[in-house]
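Only a predicted model underlies this, so the values are computations on that prediction, with no experimental measurement involved.
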Amino acid sequence: MSTEPAAAPAAAVNPFALIRTRGYAALLVMAAALGVPVSAVAFGFLALVHALQSLTYHDLPRALGLAGTPSWWPVPLLAVAGLLVGLTVRHLPGKGGHRPADGMVSARAPSAVELPGVLLAALASLGLGAVLGPEAPLIALGGGLAVFAARLVRPGIKPGTSAVMGAAGSFAAISALLGSPLLGAFLLMETSGLAGMTLGMVLLPGLLASGVGALIFTGLGSWTGLGTYSLALHHVPRATVPDLAHFGWALVVGLAAAFVGTGIQRFALSLQARVERRTVPATAAMGLVVGVAALVYTESTGRDASGVLYSGENALDPLLSRSAGYSVATLLVLLACKAVAYCASLSAFRGGPVFPAMFVGAAGGIALSHLPGLSLTSGFAMGIGAMCVAMLKLPMTSVLLATLLLGSDGLTVMPLVIVSVVVAYVVTLRLAPSPAADGPDRG
């Protein structure tokens, strides 16, 4: 019995009948089996990124005889990162994988020959301090490895089944990264653009692989003592019940995030076009920009450059729990430097846009919470949701990222997050250039 779920046109396929076939059951078994090695590889990738960050930022300066990590250290470090990424993009197949300035878009799984380039570009970007997250490389690596393994096991596998296996591999790879398999599933579902029974038919194997992957992540984290590398907040201030002032702030936060996010993405796309003309030197130059942004933050605030470098995933919890120690001026400097470094990283490096968008939104929301009428937790959550939707164009995922992260307090602030996300989403779409085929905007 064929396991091909998309052998006929969508209109001719009965999803209910297809799910009852033995072939579909075999597809589920294959997805669950692939979830184990793919999630183990994803865990190893995250552990390697973490080790590289510690090695290059903390251990290497001391090995060179420096007393600690000097404030200027990120400048040459990021220049080297840009050189390595530029060479990888220029000379290896696949151009290092997904271009983060394009946002979270659905794409085919990379071929086996493209996987080394995706891996090397991601390690050089994330391990040496670029302001990007691991989600896009993990999605690509998980999908590519799953397709490669499926073709080894079944050389005659059909394209539709291969695509489902790629999706399942991507689900498994990010199963625990966002704090819950559910969040990773929503991210991939919303990115895919599928709907109805087709969504369930094609992505149900992915959900199964995601659940298996989350168990593997948990087990490996406990066995190795390295943790799960999962997004989590441990110190969330009690959220206050929303009132009219909070809903007014939801409009403000949504509007502000739309303009900031649109500005970052447009400038990143403009820089990306210039970087691609001279990939190697231009990527190294963008690395210098990221390093200088971190240097400016350190010299002007006295705080560690790691607040600007990296994805911001591990910095979210201390940013919220220690927010009382950040003045408004420090938060504004952090926000400006992180945004500049994020923009430069989007234009040239390889990684995902999710975590830096969360951090920029969180810093902005915390800064606004110093004003009357906006509580800390509400500003934090609304900033995350609004900035995520401005950068990703994924409203459901943005709401869930901002609320599930807060635990029980997320339910309290969810109405505010929804309002801010909707406002940011609508305004962002209005600010986007109209496609040429649509003609002039009739507003």
Side-chain angles (χ1 to χ4, degrees), residues 103-106 178-180 182-196 199 231 239-266 316 335 339 353-369 371 373-435 438 441-443:
M104 294 297 295
V105 294
S106 180
L178 299 176
S180 165
L182 182 62
L183 275 173
F186 263 96
L187 175 66
L188 289 170
M189 287 178 183
E190 204 166 10
T191 303
S192 72
L194 298 175
L199 174 65
L231 179 64
T240 58
V241 177
D243 54 19
L244 187 59
H246 277 94
F247 279 98
W249 276 114
L251 301 177
V252 173
V253 171
L255 187 63
F259 280 95
V260 172
T262 299
I264 290 174
Q265 193 155 46
R266 284 192 181 181
L316 273 175
L335 182 61
V354 175
F355 290 118
M358 294 179 68
F359 188 90
V360 170
I366 292 173
L368 289 174
S369 71
L371 298 173
L374 180 61
S375 64
L376 173 61
T377 304
S378 298
F380 179 84
M382 288 190 292
I384 289 176
M387 185 57 65
C388 281
V389 81
M391 295 300 299
L392 308 178
K393 315 298 189 295
L394 304 175
M396 283 295 296
T397 299
S398 299
V399 170
L400 291 174
L401 277 171
T403 53
L404 293 185
L405 183 62
L406 299 177
S408 60
D409 291 287
L411 295 176
T412 303
V413 301
M414 184 177 284
L416 300 174
V417 173
I418 291 173
V419 172
S420 65
V421 165
V422 169
V423 171
Y425 185 55
V426 172
V427 174
T428 299
L429 294 183
R430 293 288 296 177
L431 292 173
S434 299
D438 291 345
D441 184 6
R442 300 175 188 270

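- Here the shortest heavy-atom pairing between Ala424 and Ala258 reads O-CB, 3.7 Å.
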What donor-acceptor contacts under 3.5 angstrom involve side-chain atoms of residues 382-391, with partners at least two apart or in another chain?
none

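- Formation of a donor-acceptor pair under 3.5 Å by the Ser420 side chain with backbone atoms of Val417 is found in this model.
- Scanning both residues, Leu394 and Leu187, for their nearest heavy atoms gives CD1-CD1, 3.6 Å.
- By the side chain to side chain contact (heavy atoms under 4.5 Å, CB included) test, Ile418 pairs with Val399, Met414, Val422, sequence neighbours left out.
- Leu316 places a side-chain heavy atom less than 4.5 Å from the side chain of Phe380.
- Not counting sequence neighbours, the partners of Leu400 by the side chain to side chain contact (heavy atoms under 4.5 Å, CB included) test are Leu183, Phe186, Leu404.
- Side-chain contact between Leu376 and Ile366 is present, with at least one heavy-atom pair separated by less than 4.5 Å.
- Thr240 is listed as a side-chain neighbour of His246, based on a closest heavy-atom distance under 4.5 Å.
- Under the side chain to side chain contact (heavy atoms under 4.5 Å, CB included) criterion, Leu368 pairs with Trp249, Val253, Leu371, Leu374, sequence neighbours left out.
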(request) Go through the steps for Leu405 and Met358 under the test side chain to side chain contact (heavy atoms under 4.5 Å, CB included), then give the verdict. (result) CA-CA 11 Å; Leu405 183 62; Met358 294 179 68; 3.8 Å; yes
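- For Phe247, the side chain to side chain contact (heavy atoms under 4.5 Å, CB included) test picks out Pro242, Pro415, Leu416, Val419, with sequence neighbours left out.
- Within the structure, no pair that satisfies the salt bridge (Lys or Arg N to Asp or Glu O under 4.0 Å) test touches residues 390-407, not counting sequence neighbours.
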